[in-house]
Amino acid sequence: MKKTPSPPNIALFLLRLTLPDDVKDSVIGDLEEEMAALSGWNSLRVRLWFFHHAIVISAHYFVDRRLRRTIRGSASSLGETGPECSISHAENRKGDGSMTSIWQDLCYGLRLLRKSPGFTSVAVISLALGIGANTAIFQLLNAVRLRSLPVSRPNELAEVKIANTDNRSGSFSSSHPSITNPQWEYIRDHQGAFSGAFAWSEDSFNLAQGGQVRPARGMWVSGDFFKVLGVTPVLGRVFTPADDRRGCGTGGVVISHSFWQREFGGAPGAVGGKLTLDGQPFEVIGVTPPGFFGLEVGRSFDIAVPICAEQTVKGEYSRLDMRHGWWLTVMGRLKPGWTIDQATAQLDAISPALFQETVPPVYNPPGKDNYLKFKLGAFPAGSGVSNLRRQYEYSLWLLLGIAGLVLLIACANLANLMLARASVREREIAIRLALGASRGRLIRQLLAESLLLSAIGAVIGASIAQGLSRFLVSFISQQGRALFLDLSPDWRLLAFMAGLAVFTCILFGLTPAFRATRTTPGAVLKAAGRGLTASRERFGLRRMLVVSQVALSLILLVGALLFARSLQKIMGVDPGFKQDGVMVVDLDFSKLKTSKDRRLAYKRDLLDRVRAIPGVDSAADALIVPMSGSGWNDSVEILGSDPIKKGIPMFNQVTPDFFKTLGATMVAGRDFNDYDTPTAPKVAIVNETFARQLLDGHDPIGNRFQVETPPGAPALIYEIIGLVSDTKYYNLREDFKPTAFVAASQAKDQYEGSQFMISSSLPASGLTAAVRQTILEASPEINLDFHIFKTQIRDGLLQERLMATLSGFFGFLAVLLATVGLYGVLSYTVAQRRNEIGVRMALGADRLRIVKLILGDAGILLAIGLGVGLLLALLGAKAAGSMLFGLKPSDPVTIAVAIAALGAVGTLASYIPARRAAGQDPMAALRDE
Amino acid sequence: MVLLAALRIGDEAYAVTIRREIERRTGRSVSRGAVYITLDRLEKKGYLTSYLAGSTVERGGRAKRYYQVKPVGEAALKDSWSAMRKMWEGLEPVVRKV
């Protein structure tokens, strides 16, 4: 049986807001019951059904409540038949601002809107799309940038990091590597700026004990983490400093609410339950409350582990004593009355001693001097830390601007429609003015319609926003790294939506309302229903609106085309390797506890097994998978160079067949082979950019370079044995970097894990199954994680794809709205000029001349709009300059195409009314005089 | 009509069944909102009494609000029926011609 979709949250919110407490549940239950009976309908239709009836029922209750209040409050009884909507009632009280008459205006406005369903639908849809799009993007911005962390008094939190430079070297192994553990321990013991300080870092743990990896999002935390943040557990307890003492081994962990629901079914018995993290046993001691997701916006956590346990879990790779291992984020709560500046001053004071005590021994003298100059500072951290924010904040603001322009265009359309409606109602308004209605009263009535349209548009827009923001979040989620953002409505979001509704109402409602009531009643009545001189003025306003629509649409179209072409260019970049048919397998055999001297042979054996799988073309082991975000560089000096040539090329450590697997070309020399043993002279393969930048383009084969090593360490000299074509290192946007590849067989440190890159024509699922079977045959305790190489590369282009997709959608919407606006105004022109056209045709003008006449009119509007739009586009496109690839914001081809496209569409839209004008019967037109 | 429908249905009278009964018998569609408001008003007037029961999974675990016509309500129906009958007296031939 088909599962019934869940009711839309906005509809439920509306019902809960408007229904009395005693009937809320039963009414919602009734709707859910009826919804469950609609089993033959598709999910969208069911949800729309629910939404529709929720609005109707809410409206009934709202009206009923207003009516009761009105009956209680006003002297005259209105009876129980329904709210009084007659105009005469209102007219008798000139300038009456009471709630009754405002209520009557709304009722009357609702009736009028119901009478013109076509106009109302168009208006509501345009507003809903415009407000919905803006709200969705604001929702994301709110979650990423503006919202405070769900902890107590987040404005008191400050982050501690190096304030005076970002020139740090060493090993960086988390998404926010600000502080090393030795530095943290010093801060913890010596700081005086905070009432409490804590450190944390994100990580990933494997819950499985062999076979397919079962990842959980982890967080290393110090003992005071939860206490300083004011997070109280819903079950069990949270950490204390006693839980985070050196040498603690494996002890307790605190799990998140969602993890508790998922893994333990929300059972109270979870406390005391056992978990295995990377093969180490832990016990659950507590569960955090549902709203707490950690301190990194865009990421939530499953399991929090004390920092001291890192030694046991990571073993020989522990960073606890690694003075050059940057991985922690440190924060503190300011002492009462203290400011950020005061905290910075205090941290600055302890900096010299701190860095003196923690200077890494592996640094060379210049490195040490640089380290000792570091100074700590405090930075506001009320909204947490976020890589997501850094990556997407600018794009989101830009998109909000774009969506705002679309809303403006929609409002211009609506203003035009309202002006047209107002001119149709001229007589009615004139009569009412003549009967004594005040101008203010009439304006209020006209505004009531606009307000209703805005309100309904906003409510539907809210629903659109929910769907759109969820789509956006899933769009920017990456393979294996689901994005977590708190999209629940807060006061900022509701204020934004309410503000938009009011703003749009004023924008498209006020001017038509003013204009409509400016007519002198006598003149209108004498004109017996035909247009007035005043209408010419109004028509000038309508033409101006269309010109502004065309201008704004051009800006958006130019933006959309720029982003689309930028994406196209970047996707066309040749990365130097092939993207299709390559799979990446992360292997972790740390559970086997192989000794260091046996690891190389073991990895080679596994690789040979994988190579032997039918369908596998080639396979290789790589320390760093291209485009994965990881990187390694080192200072080198070319031996025998005069003058001395130095540089900092990128490095990678690979096995034979790496270049074959990636489809890179061996230009000269040879690949690594079995003769490159640990005891043989060290060899390296370099790329063309290396040869060009560091060897002046000469044949690199036979040249040698030395890698800078810490004082006292043995010299590291490599002989270049091969030259390979350039390949991208981090992402597609960068220029090719000089890169040196060294042999995995000659590496000093062999890790208990590998990254195999496999080239095969087999489908992904088949290859995954075959590789898993082969590896697990070697040992069932090896952990495996599979990634498709191409998807990884695509993930690196997320920002470009996001901008291209959304700006394209908005650009299309803008052009559509502007075209509708242009068509509307020209249709009106044709209708107004009916007599004139009739006269011209009677005097001998043929169809073609009439069409040219109308098109000429349209052409003027288009030309002015395109001209203004071009100027604004050139100014505005600069904002997007940094996000483009391979083109400038003022790219002439793009602008020319946009102008041509908009001009063509506009002309087509004008042609239809022009043909209609030429096709009319001149006698009928003249008879209407 | 709401009172009559509730009387007809008996024990299983709640908003959903009441509305369906009216639609079935009269052949006209009835707004859900109008039914809820009317039930509310009739209860406040003392013509109906209600109680919660019968939560099910389809209803998200929410109870139904069942309605029962009170003697006062029945009396009001009788008065209304009597008044209508008196107004109709003699008009049937006129209406049949329309």
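Just so we're on the same page: letters track the sequence lines, and every chain starts at 1. All heavy atoms count here, side chains included; hydrogens, waters and symmetry mates do not.
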Residues of residues 11-19 of chain B within contact distance of chain A, non-hydrogen under 4.5 Å: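 Listed by number, the contacting residues are B:Tyr14, B:Ala15, B:Val16, B:Arg19.
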
Identify the residues of residues 71-88 of chain B whose heavy atoms come closer than 4.5 Å to a heavy atom of chain A, ordered by number, or report 'none'.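 Listed by number: none.
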
With sequence neighbours excluded, residues passing side-chain contact (heavy atoms from CB on, under 4.5 Å) with B:Ser50: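 Testing B:Ser50 for side-chain contact (heavy atoms from CB on, under 4.5 Å), a comparison that skips the adjacent residues, returns B:Glu43, B:Arg65, B:Tyr67.
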
How long is the gap from CG on B:Leu52 to CG on A:Asp25, to the nearest 0.5 Å?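 Between atom CG of B:Leu52 and atom CG of A:Asp25 there are 8.5 Å.
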
Which distance, rounded to the nearest 0.5 Å, do you find between the OG1 of B:Thr38 and the NE2 of A:His60?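 Output value for this atom pair is 8.0 Å.
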
Over all heavy atoms of both residues, which pair between A:Glu33 and B:Arg59 is shortest? Give the atoms and the distance, please.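 Smallest heavy-atom distance, with atoms named: OE1-NH1, 2.8 Å.
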
I need the residue from A:Ala59, A:Ser6, A:Ser26 with the largest number of non-hydrogen atom pairs under 4.5 Å to chain B.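 Most heavy-atom pairs within the cutoff with chain B belong to A:Ser26.
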
Under a 4.5 Å heavy-atom cutoff, which of A:Val56, A:Ile28, A:Leu31 has the most pairs with chain B?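 Option with the greatest count: A:Ile28.
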
Distance-only check: which donor-acceptor pairs under 3.5 Å involve side-chain atoms of residues 13-21 of chain A, not counting sequence neighbours?
| unit_1 | atom_1 | unit_2 | atom_2 | d |
| --- | --- | --- | --- | --- |
| A:Thr18 | OG1 | A:Leu14 | O | 2.8 |
| A:Thr18 | OG1 | A:Ser58 | OG | 3.1 |
| A:Asp21 | OD1 | A:Lys24 | NZ | 3.2 |

Atom CZ of B:Arg8: over 12 foreign heavy atoms under 6.0 Å: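 No, the 6.0 Å shell around CZ holds no more than 12 heavy atoms from other groups.
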
Would you check if there is a donor-acceptor pair between the side chains of B:Tyr36 and A:Asp30 at a distance under 3.5 Å?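 Short answer, yes.
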
